[in-house]
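All values below come from the heavy atoms of this structure, side chains included, with hydrogens, waters and symmetry mates left out. In what follows, every chain begins at residue 1, and chains take the letters A, B, ... in the order their sequences are listed.
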Amino acid sequence: MKQHSYFQTDVGKQTISGILTIGSLPLLLFSREANSLEMGGLGLLLLFGGMLSVPIMSRSKRRQV
Amino acid sequence: MDLPVTLWMWLLALSPVFILLILMLRFNWGAADAAPIGVVTASVVAFIFYGADFNLLALESAKGIWNAIIVLFVIWPAILLYEVTYAAGAFEVFKRGMQKFTPNELLQIMTLGWVFTSFLQGITGFGVPVAVAAPLLAGIGVFPVWAVVLALLGQAWANTFGTLGIAWQALVLSTGIGDTAYFIPTALWASGFLLIIDVFTGIAFCYFYGKMAAIRKGMPAILLISLIQGGGQMIFSIFDPNVSCFISTLMALAAIYFIGKLPFYNTPWRLEDSLIMDRSAKHGHEEVESQMKMAEAFVPYLVLTLATMIFLMIPPVTQFLNSWQLGFSFPETQTVYGVINKGYIKYSPFSPLTHAGTLLLISSTLGYLYFRSKNYIQPGKIIGILRKSVEKTVPSTIAVVALIIMSKIMGGTGQTTVLASGTAMVLGKYYAALSPGVGMLGAFMTSSNMSSNILFGEFQQMTAKLLNLDMSLILGAQTAGGAIGSTIAPSKIILGTTTVGVLGQEGLVLKKIIVWAILSATFVGAFVMIMTILNGG
């Protein structure tokens with residue numbers, strides 16, 4: 001039987017979502033200090049992307065089932 | 001602040017909460033799926049209608065992530081504690097031990113789900129009682145979803161004066177009633193309402209277990225336990241509110257031993273058709289009968305209790321350990337409507353050495369070492385324990401982060417204030433009846449009685465003054481509502497569903513518990529309204 005790597009499992013994918021979401025913290029925090037709109041924008045993109053990937057993955061999996 | 005409180009703005013502010021509830025209750029989405037949609041809704045409403053700029057959204061989100069990390073630091077070690085206890089086969093020992101303590105199944109459930117949970121809330125809080133008690137209940141045969149429901153119910157009444165009075169202190173500080181004549185009346189109203197909630201908790205435990213037959217069987221225990229817990233708290237709250245819950249729950253823990261020995265409870269009794277009991281499955285450890293004694297099975301929990309007492313109840317030790325704090329600075333932000341979020345040099349400082357998560361980590365580590373030394377856990381099993389812990393904790397992470405960000409964005413842009421003040425404006429004097437509902441909303445949004453008191457304490461005080469209502473009565477109702485709201489707080493529900501392995505079924509838990517929460521808040525609200533009318537309001 002073919003072994004899946006951790007990041008190919010559901011928990012693994014959610015781990016990536018969690019890392020992206022929580023990983024946005026330094027960007028969000030320091031965008032103000034660096035006065036960088038780009039850094040803040042990237043932070044929010046990571047935050048919303050990471051969070052929304054969870055319901056998107058769940059819905060697409062449910063559709064496949 | 002010139003935020004327009006109109007029906008339109010009120011409906012917009014309601015939309016994130018409404019969407020979250022609809023997705024969870026109507027469509028049975030788990031919190032991890034529903035909460036990000038709630039965040040997006042709150043952000044869109046904040047950006048387009050509440051005058052929040054890009055910078056404010058980024059900073060409130062950052063605050064939310066930081067608060068979530070602090071909450072997650074409870075969930076992760078709580079799961080580890082569960083997995084260590086499970087791997088050692090201690091849940092089967094609990095089950096056997098509980099049968100020896102009392103052969104009455106209802107009293108076993110009340111002991112673990114109500115008395116022990118309340119005791120944990122008295123000293124730790126931060127969701128630890130739910131994370132610890134839910135698996136214990138599942139271990140004695142309660143269906144996992146019901147185990148979460150009961151653990152949530154069991155800790156509710158102890159929220160205000162529990163955790164060494166942290167939510168009470170928040171109410172006192174945010175309203176400035178500390179050195180005033182309002183202090184003792186407010187403490188008495190709050191503890192009086194919590195006594196009622198405590199009685200309702202006992203009745204709910206029996207009702208869920210076996211409707212009227214169980215209520216008849218459980219009534220003497222309900223009255224004795226709630227009299228010691230809620231009544232004791234009421235008396236001690238006059239002298240020292242900060243330890244009133246701890247002392248009364250400790251007394252109840254001792255008293256339950258004697259209640260179990262009463263002739264009414266020391267004979268075998270259980271309802272075969274109880275809807276909350278799983279009669280089919282084998283619970284706990286699946287291997288041969290363990291030689292572990294009951295006291296040994298409790299080693300991690302005894303360590304947790306002892307560590308909490310040493311770390312949090314000896315002031316010099318607490319002060320020393322609290323001296324190391326982590327936190328980020330945040331600048332002041334403002335919406336175009338003048339809603340100001342004050343700046344912080346160190347926002348929501350995290351004290352790792354006195355944090356509930358550290359205490360859980362110590363208990364699970366020492367518990368593992370003890371079980372390993374006695375060979376209750378086989379060599380090499382640690383990898384499996386850690387793997388299972390990761391598998392359970394990862395899925396709850398997004399849900400916790402998203403829910404807290406949603407509450408920060410709603411609070412930081414004035415949406416939460418519009419929800420509460422809009423309701424107060426429309427209701428006038430009848431607001432008194434809704435005052436616990438506002439406390440409940442705060443706890444639902446923030447997952448904490450303490451945060452609800454910080455968020456709405458001053459608002460309730462101002463509204464009481466404006467409408468000429470009894471301030472102590474309204475503040476008592478605020479914090480009682482916050483305690484009730486802690487049962488329906490999604491982050492706390494996730495703590496339970498994660499530890500018993502039914503993550504994604506938060507909607508189902510919410511459906512079962514929300515009726516109790518609304519009924520309790522309605523009862524307290526009706527009482528407040530009657531008192532207001534009697535006072536000539």
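Listed by first and then second residue, the salt bridge (charged side-chain N to carboxylate O under 4.0 Å, His left out) pairs that reach into residues 330-356 of chain B come to none, sequence neighbours excluded.
Of all heavy-atom pairs between B:Ala62 and A:Leu25, the closest is O-CD1, 3.4 Å. Between A:Pro55 and B:Pro36 the shortest heavy-atom distance is CD-CG, 4.0 Å. Nearest heavy atoms, B:Ala32 versus A:Val54: O-CG1, 3.7 Å. Counting all heavy atoms, side chain and backbone alike, B:Ile398 lies closest to A:Gly50 at CD1-O, 4.1 Å.
Atom CZ of B:Phe54 has more than 12 neighbouring heavy atoms from other residues, nucleotides or ligands inside a 6.0 Å radius.
Between the CG atom of A:Leu47 and the CD1 atom of B:Ile405 there is a distance of 4.5 Å, given to the nearest 0.5 Å. Note that the CE atom of A:Met51 and the CD1 atom of B:Ile65 stand 8.0 Å from one another [nearest 0.5 Å]. For the atom pair CZ of B:Phe330 and CG of A:Leu29, the computed distance is 4.5 Å after rounding to the nearest 0.5 Å. Taking CZ of A:Phe48 as the start and OG of B:Ser43 as the end, the distance is 3.5 Å to the nearest 0.5 Å.
Between chain A and the residues B:Ala35, B:Ala402, B:Pro331, the largest count of heavy-atom pairs under 4.5 Å involves B:Pro331. Among B:Thr397, B:Val39, B:Val401, B:Leu59, the residue making the largest number of heavy-atom pairs under 4.5 Å with chain A is B:Val39.
With contacts defined as side-chain heavy-atom distances shorter than 4.5 Å, the pair A:Leu37/B:Asn55 does not qualify.
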> For A:Thr15 and B:Val390, what are the C-alpha separation, side-chain angles and deciding distance, and is it a side chain to side chain contact (heavy atoms under 4.5 Å, CB included)?
Replying inline: CA-CA 9 Å; A:Thr15 306; B:Val390 170; 5.5 Å; no
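Here B:Leu503 pairs with B:Pro395, B:Ser396, B:Ile494, B:Thr497, B:Thr498, B:Glu506 under the side-chain contact (heavy atoms from CB on, under 4.5 Å) rule; sequence neighbours left out.
In this structure, chain B has no heavy atom under 4.5 Å from any part of A:Ile56.
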